[in-house]
Amino acid sequence: MTPLSPAEGPRWVAGMMPLPGVDPLAGAGSLGVPSVYWERPVAREAVAGWGEAGVLEAHAPGELAAVLGALGHDSVRWLDAVSPQLPGPWFGGMRFSPTQPVDGEWRSHGLARWTLPEVLVWREGSALAVAVFAPEGPGAEDVVRSRLERVRASFPQSYRHPVGAPVALRTASSRPDFEALVDRAVEAIGAGQLHKVVLARALEAEGPEPFDVVDVLARLREQNPRCATFLFRAPDGTGFLGATPETLCRVDGRRLETEALAGSAAPGGADALDASDKDRREHEAVVRYILQALTPVAASVSADAQPSVLALKNVVHLRTGIRAELADGVDTAKVVTALHPTPAVGGTPRERALSFLVEHESLDRGWYAGPVGWVGPGRAHLVVALRSALVRGAKARLFVGAGIVAGSSAESEWRETEMKSLAMLRALGGR
Ligand SMILES: C=C(O[C@@H]1C=C(C(=O)O)C=C[C@H]1O)C(=O)O
């Protein structure tokens, strides 16, 4: 881990200015594929970052909390008044499990990887703003000023729409393996070893030519306005991207928002979902866990009295909003340590469910279902990286999962994961 502490003083210099335009993704036209991207259309938040002025990585599980904590320090000297709407400025994420062996495909994303982009463009009111970051040192201010001017002079006005007809994707995933895994979990639950476990599978997809990551992002945000669309590219160009409906934590000073999202049905199945005993149990396990996990870190916690139905394009979920006032001295790192992994992606009892996954899932989840998003001084928004894929060239590995409780059937859990994969397959251009 690169040290980053308030005692060292600012490590980067930054400037910002307004930018004509409406869409940060349009910057791909002049600056290339962004290294990070984040958009929540319903909240009118959109931000794209290019280059890496700083990188913070964890190389051992014991460093994870310290890395997250360091991102909250004020390490930037601003030449201009900093916008309160600035997202980040650190963007990245971490693995679902820091201790499981890393599959080759995931190596370049690391255990946890956070970047401070060189150029950050975000939506500010009805226009855009740009910030440039440079390491502190002789000439740094000039570098910041001249780069700001260059970005402003070349930033495209136009909104980029994905082009091209849908293509045939070749896909592969083993249904018998997944169904056998579900049966094994139902057995373990029946034997009293577990209450709930969330099982995931990978789906390999291959296109006729390399995926255009900017097009994929444009489709994801268009199809999923209620979700957070994200991209985190590793130095070798491998992109982890998706559009997730689930927030792990949004922190603003001492205010925390989180949610329980568990229990799923096909679109149109909202009433049945609301009345389904199995889904209610699955959902309540998550609510109970979050309320308990927050007790040591919060001065007060409140939750919606009843779950509501969150309708997405290809799937509907039960959702309970949860809010808390954080206790003194509690930062984003402590919140993440308390919450992740929630039983929406792990299970209950937590340790037994996680051991079940290590023993039986036969999958490196990598950053799938891990916390990803942005962190800055006193503020953060981390989502649970669901409905996502690791994309490299013409190949994509998609990840989808489903919660198993007593009464789950292998066939319907398979169908649920198929539904959950649709958004990403369409975004990849599949027909
Ligand atoms: C595990 C996933 O989704 C999670 C599992 C859900 C469920 O089992 O009902 C619902 C929402 C998510 O918390 C996924 O999308 O891969």
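We count ligands from 1, going down the list as the structure has it; atoms in each ligand are counted the same way. Atom set for the values below is all heavy atoms of this structure, side chains included, hydrogens, waters and symmetry mates excluded.
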### Message
If the cut-off is 4.0 Å to any non-hydrogen atom of E282, which atoms of ligand 1 fall inside it?
### Response
7 (C), 8 (O), 9 (O)

### Task
Report the relative orientation of the aromatic rings in H360 and F356; use parallel for angles under 30°, tilted for 30 to 60°, perpendicular for over 60°.
tilted

### Query
How does T417 reach ligand 1, by side chain, by backbone, by both or by neither, if only non-hydrogen atoms under 4.0 Å count?
neither

### Query
For atom 2 (C) of ligand 1, what's the nearest protein heavy atom and its distance?
G401 O, 3.5 Å

### Query
Can you tell me the protein heavy atom closest to atom 4 (C) of ligand 1 and the distance?
A344 O, 3.6 Å

### Task
Could you tell me whether D364 and R107 make a salt bridge, using a distance below 4.0 angstrom between a side-chain N and a carboxylate O?
no

### Message
Any atom of ligand 1 sitting under 4.0 Å from a heavy atom of H283?
### Response
no

### Message
One pair to check against side chain to side chain contact (heavy atoms under 4.5 Å, CB included): T320 and E259. What are the steps and the verdict?
### Response
CA-CA 6 Å; T320 297; E259 65 190 345; over 6 Å; no

### Task
Fit a plane to each ring of W12 and W90, take the angle between them on a 0 to 90° scale, and name the class: parallel (under 30°), tilted (30 to 60°) or perpendicular (over 60°).
perpendicular

### Task
Show which atoms of ligand 1 fall inside a sub-4.0 Å distance from at least one heavy-atom site of E416.
7 (C), 8 (O), 9 (O)

### Query
Hey, does V198 have a side-chain heavy atom less than 4.5 Å from the side chain of L357?
no

### Query
What atoms in ligand 1 come closer than 4.0 Å to a heavy atom of G263?
7 (C), 9 (O)

#### Entry: Shortest protein heavy-atom distance from atom 10 (C) of ligand 1, along with the residue and atom involved
S264 OG, 3.4 Å

### Task
Look at atom 5 (C) of ligand 1 and say which protein heavy atom is nearest, naming residue and atom and giving the distance to 0.1 Å.
K420 NZ, 3.4 Å

### Message
Using a strict threshold of under 4.0 Å (side-chain N to carboxylate O), is an ion pair present between E52 and R113?
### Response
yes

### Query
Are the charged groups of E246 and R226 less than 4.0 angstrom apart, N to O?
no

### Query
Under 3.5 Å between some N or O of ligand 1 and some N or O of V400?
no

### Task
Determine, for R280 against D277, whether the closest basic-nitrogen to carboxylate-oxygen distance falls under 4.0 angstrom.
no

### Query
At a 4.0 Å threshold, what atoms of ligand 1 neighbour a non-hydrogen atom of V198?
1 (C)

### Query
Nearest protein heavy-atom contact for atom 12 (C) of ligand 1: which residue, which atom, what distance?
E246 OE1, 3.4 Å

### Query
Do T342 side-chain atoms and A344 backbone N/O form a donor-acceptor pair below 3.5 Å?
yes

### Query
Among protein heavy atoms, which lies nearest atom 1 (C) of ligand 1, and at what distance?
Y368 OH, 3.3 Å

### Query
Can you list the atoms of ligand 1 that are under 4.0 Å from a heavy atom of A402?
8 (O)

### Message
I need the atoms of ligand 1 closer than 4.0 Å to a non-hydrogen atom of L261, numbered in the order shown.
### Response
10 (C), 11 (C), 12 (C), 13 (O)

### Query
In terms of residue, atom name and distance, what is the protein heavy atom nearest to atom 15 (O) of ligand 1?
R387 NE, 2.5 Å

### Query
Got a salt bridge between K278 and E416, using NZ or NE/NH1/NH2 to carboxylate O under 4.0 Å?
no

### Task
Output yes when R254 and D331 qualify as a salt bridge under the 4.0 Å nitrogen-oxygen rule, no when they do not.
no

### Message
Taking 4.0 angstrom as the limit and counting only heavy atoms of H317, give me the atoms of ligand 1 inside it, by number and element.
### Response
10 (C), 11 (C)

